[in-house]
Amino acid sequence: MRAEKLGFLSAILASTCCTVPLGLALLGLGGLGLGSVIGAYHWYLVGAAVALLALAWGYFLREKGRMQALASELKNERTTRASLSIASAVVAFFVALNVYATLGGARSDAMSQPLAAEIVTVPVRGMSCVSCEWPIESNLKKLDGVLEADASAARSNVTVKVRPGAVSLDAVAAAVRAAGYEPDLAAAKREG
């Protein structure tokens with residue numbers, strides 16, 4: 001049924017901006033830079049997913065109404081309804097994830113704790129949600145001398161607490177690039 005296929009496609013579109021960069025990072029291919037390319041279009045992908053999902057539900061309900069008018073049963077009605085419900089849940093989850101990340105999420109301010117450290121803040125292009133933040137933070141935490149790492153899609157930057165003189169801006173940039181995102185070293189700040 002056309003509605004099932006549209007529902008499935010909407011779920012894929014809604015999750016693309018989060019799952020593709022994360023999957024590539026897990027495969028060690030984050031350095032391809034697709035995270036920042038896809039991240040630039042995340043709201044378009046989410047909007048298209050919502051529109052396709054609405055269209056899928058419309059097709060399903062119209063066909064169900066047509067079959068009821070003919071006093072007939074809709075073939076695979078339960079399967080289609082279940083598929084569309086699952087697609088709706090997936091789309092809703094990724095919409096909520098994007099909104100949560102855009103509004104800043106509930107992050108603790110771990111960077112304000114006193115400790116002999118430098119704070120490095122680097123703007124990053126392409127982050128659109130929480131799943132964009134995880135591979136960047138993971139890569140940064142692997143660097144010797146990094147005490148804490150906080151990537152934020154809402155602020156479009158990464159803040160890293162490092163031991164003084166232990167981590168270069170180039171190393172931070174390389175870790176961000178390895179996750180598939182583009183750091184802006186010209187606008188980077190180093191404090192402490």
Side-chain angles (χ1 to χ4, degrees), residues 10-50 90-112 117-192:
S10 71
I12 290 172
L13 277 175
S15 65
T16 297
C17 64
C18 297
T19 57
V20 170
L22 188 59
L24 288 172
L26 291 173
L27 293 172
L29 300 173
L32 294 175
L34 290 178
S36 29
V37 172
I38 293 170
Y41 299 102
H42 77 279
W43 285 115
Y44 296 109
L45 292 169
V46 169
V50 169
V90 169
V91 170
F93 172 76
F94 283 102
V95 167
L97 196 60
N98 277 287
V99 169
Y100 178 78
T102 300
L103 296 178
R107 314 262 293 159
S108 65
D109 193 9
M111 299 296 167
S112 65
E118 293 178 331
I119 304 295
V120 178
T121 304
V122 180
V124 178
R125 289 187 291 277
M127 285 191 292
S128 58
C129 68
V130 175
S131 66
C132 297
E133 298 168 356
W134 297 330
I136 293 172
E137 289 175 355
S138 175
N139 285 353
L140 288 167
K141 288 175 183 175
K142 291 176 187 174
L143 296 176
D144 190 34
V146 169
L147 303 171
E148 295 176 39
D150 177 28
S152 172
R155 294 187 310 265
S156 297
N157 72 15
V158 61
T159 304
V160 188
K161 186 184 277 190
V162 299
R163 285 195 310 269
V167 180
S168 70
L169 279 176
D170 289 335
V172 171
V176 171
R177 280 190 194 100
Y181 300 91
E182 191 55 40
D184 181 3
L185 286 182
K189 297 179 204 166
R190 192 174 204 126
E191 302 169 24

Side-chain heavy atoms of L185 within contact of V172, under 4.5 Å: no

Non-hydrogen side-chain atoms of V50 and V95 separated by less than 4.5 Å: yes

Under 3.5 Å donor-acceptor, E133 side chain and M127 backbone: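 Judged by distance alone, no pair lies under 3.5 Å.
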
Sequence neighbours excluded, which residues qualify as side chain to side chain contact (heavy atoms under 4.5 Å, CB included) partners of [X]?
| X | answer |
| --- | --- |
| S156 | none |
| S15 | T19, F94 |
| A49 | S10, L13, A14, V91 |

Of all heavy-atom pairs between [X] and [Y], which one has the smallest distance, and what is that distance?
| X | Y | value |
| --- | --- | --- |
| G126 | C132 | O-SG, 4.4 Å |
| R155 | S152 | N-OG, 3.1 Å |
| K161 | A117 | CG-CB, 3.4 Å |
| A188 | V122 | CB-CG2, 3.9 Å |

How long is the gap from [atom1] on [X] to [atom2] on [Y], to the nearest 0.5 Å?
| X | Y | atom1 | atom2 | answer |
| --- | --- | --- | --- | --- |
| W43 | S128 | CH2 | OG | 8.5 Å |
| I136 | N139 | CD1 | CG | 8.0 Å |
| K141 | L147 | NZ | CG | 11.5 Å |

Residue pairs, two or more places apart or on separate chains, that pass salt bridge (Lys or Arg N to Asp or Glu O under 4.0 Å) and touch residues 182-192: E118-R190, R177-E182

Partner residues of D144 under the salt bridge (charged side-chain N to carboxylate O under 4.0 Å, His left out) criterion, sequence neighbours left out: R163

Option passing side chain to side chain contact (heavy atoms under 4.5 Å, CB included) with V158 (candidates V120, T121, V124):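 When V120, T121, V124 are each tested with V158, the side chain to side chain contact (heavy atoms under 4.5 Å, CB included) holds only for V124.
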
